[in-house]
Number of protein chains: 2
Amino acid sequence: MHERTRAEWRATRQRAAVLRALHACDTFVSAQALHAALTADGVTVGLTTVYRTLRLLEASGHVDVVRDSDGERLYRPRPDDGHRHYVVCRECGLSLAVDSEEVERWVARIARDIGFHAVDHTVELTGVCARCRPASGGRRDQWSSQ
Amino acid sequence: MHERTRAEWRATRQRAAVLRALHACDTFVSAQALHAALTADGVTVGLTTVYRTLRLLEASGHVDVVRDSDGERLYRPRPDDGHRHYVVCRECGLSLAVDSEEVERWVARIARDIGFHAVDHTVELTGVCARCRPASGGRRDQWSSQ
DNA sequence: CAGCATAAGACAACGGTTTTCATTTGCGGT
DNA sequence: ACCGCAAATGAAAACCGTTGTCTTATGCTG
């Protein structure tokens with residue numbers, strides 16, 4: 001179907017660096033944070049290149065993307081075990097993959113029930129992890145659960 | 001507890017207009033679209049005011065907010081029956097409220113299981129509604145379901 | 001090693017949203 | 001009814017993340 005006489009991806013120092021930095025992170029990171037981290041490590045990579053690389057990774061399905069409340073894009077390498085939803089701690093950024101089969105099933109049923117096709121779903125969970133839990137343990141009720 | 005000698009919200013022509021326009025919409029709308037609609041109706045309201053009003057409504061929980069793929073904020077008055085999740089048609093913008101009890105339960109359980117507190121959830125569904133369904137019915141497989 | 005398409009990088013442009021600040025205007029007090 | 005002030009408005013500028021442009025550099029294939 002598809003001749004492979006031409007490599008679809010050129011191996012460059014910069015892309016390697018972005019990939020390395022991305023995998024070194026244990027939470028979601030923004031393009032800018034990634035760029036800052038690289039710069040701090042003495043690696044010279046243009047911000048534009050970081051953005052471009054992340055977009056490529058996104059398009060090819062190698063990273064998961066969420067949006068934080070400011071509309072900023074946050075990236076994380078996609079694990080190969082199929083998990084694709086996370087709970088992210090609002091305080092420290094700790095993110096855990098969660099089992100989402102139930103949601104997948106729910107989405108599929110909804111789609112069928114209302115006659116929609118090609119239904120795509122975004123599920124983002126944020127909270128406060130056990131470690132960051134405020135001492136008082138009580139006064140945390142302002143979160144508009146949308 | 002709280003003296004009401006001072007009104008917390010001043011009634012202005014502009015706010016009334018924004019509220020009216022918002023309720024006149026039957027789908028999610030952006031701040032800019034709302035402003036354009038108002039202007040088209042001959043109502044003079046500054047774009048800044050539209051943004052400000054929407055933010056107030058958001059903060060006070062009177063509207064639901066979603067983000068489209070460009071990061072734009074889309075607003076819709078929150079119905080009082082408790083429904084808070086929607087399926088939005090990518091083609092025509094038609095949006096239907098869906099029953100989300102299952103997801104609410106799922107979220108609550110996840111939160112308990114992993115020890116997170118104050119877990120907030122964002123669930124956004126997009127698809128193609130029956131009316132907009134492409135005639136061929138088949139070639140729609142590029143949607144990265146994240 | 002040559003040729004060339006792809007990638008990098010600096011910088012400008014873009015678009016949505018928020019801030020600033022001077023001016024106007026509800027609204028409670030008198 | 002009128003005053004006075006804090007709150008609200010509006011135009012323009014600032015912001016900020018992201019994307020486009022264009023020139024230069026560099027992998028890769030032949």
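Not measured: the values here are computed from a predicted model. Scope of the values below: all heavy atoms of this structure, side chains included, with no hydrogens, waters or symmetry mates. Lettering of chains follows the sequences in order, A, B, ..., and the numbering in each one begins at 1.
Mapped onto DNA chain D by nearest heavy atom, B:Leu56 and A:Tyr51 fall at different nucleotides, with B:Leu56 at the one closer to the 5' end. Residue-to-nucleotide proximity on DNA chain C shows that, of B:Arg13 and B:Gly71, the 5′-proximal contact is made by B:Gly71. Comparing B:Asp70 and A:Thr48 along DNA chain C, the residue whose closest nucleotide (by nearest heavy atom) sits nearer the 5' end is A:Thr48. Comparing A:Leu47 and A:Arg52 by the nucleotide of DNA chain D whose heavy atom lies nearest to each, the residue mapping closer to the 5' end is A:Leu47.
Using a distance-only test at 3.5 Å, with no hydrogens or angles considered, no donor-acceptor pair links the side chain of A:Asp41 to the main chain of A:Val43.
Checking the phosphate oxygens (OP1, OP2) of D:dG10, a side-chain nitrogen or oxygen of B:Gln14 falls inside 4.0 Å. In this structure, B:Thr12 does not reach the D:dA8 phosphate: none of its side-chain N or O atoms is under 4.0 Å from OP1 or OP2. The side chain of B:Arg73 contributes no N or O atom lying less than 4.0 Å from OP1 or OP2 of C:dT17.
The existence of a salt bridge linking A:Arg109 and B:Glu102 is confirmed by a sub-4.0 Å separation between a basic side-chain nitrogen and an acidic carboxylate oxygen.
The aromatic rings of A:Phe28 and A:Tyr86 lie perpendicular to each other, with more than 60° between the two planes, well past the 30° mark.
Aromatic ring centres of B:His85 and A:His121 lie farther apart than the 6.0 Å criterion allows.
Residue A:Asp68 contributes atom CG, which lies 14 Å from atom P of D:dC16 at whole-angstrom precision.
No hydrogens or angles were tested; on distance alone, nothing pairs the side chain of B:Arg10 with the base of D:dA8 as donor and acceptor under 3.5 Å.
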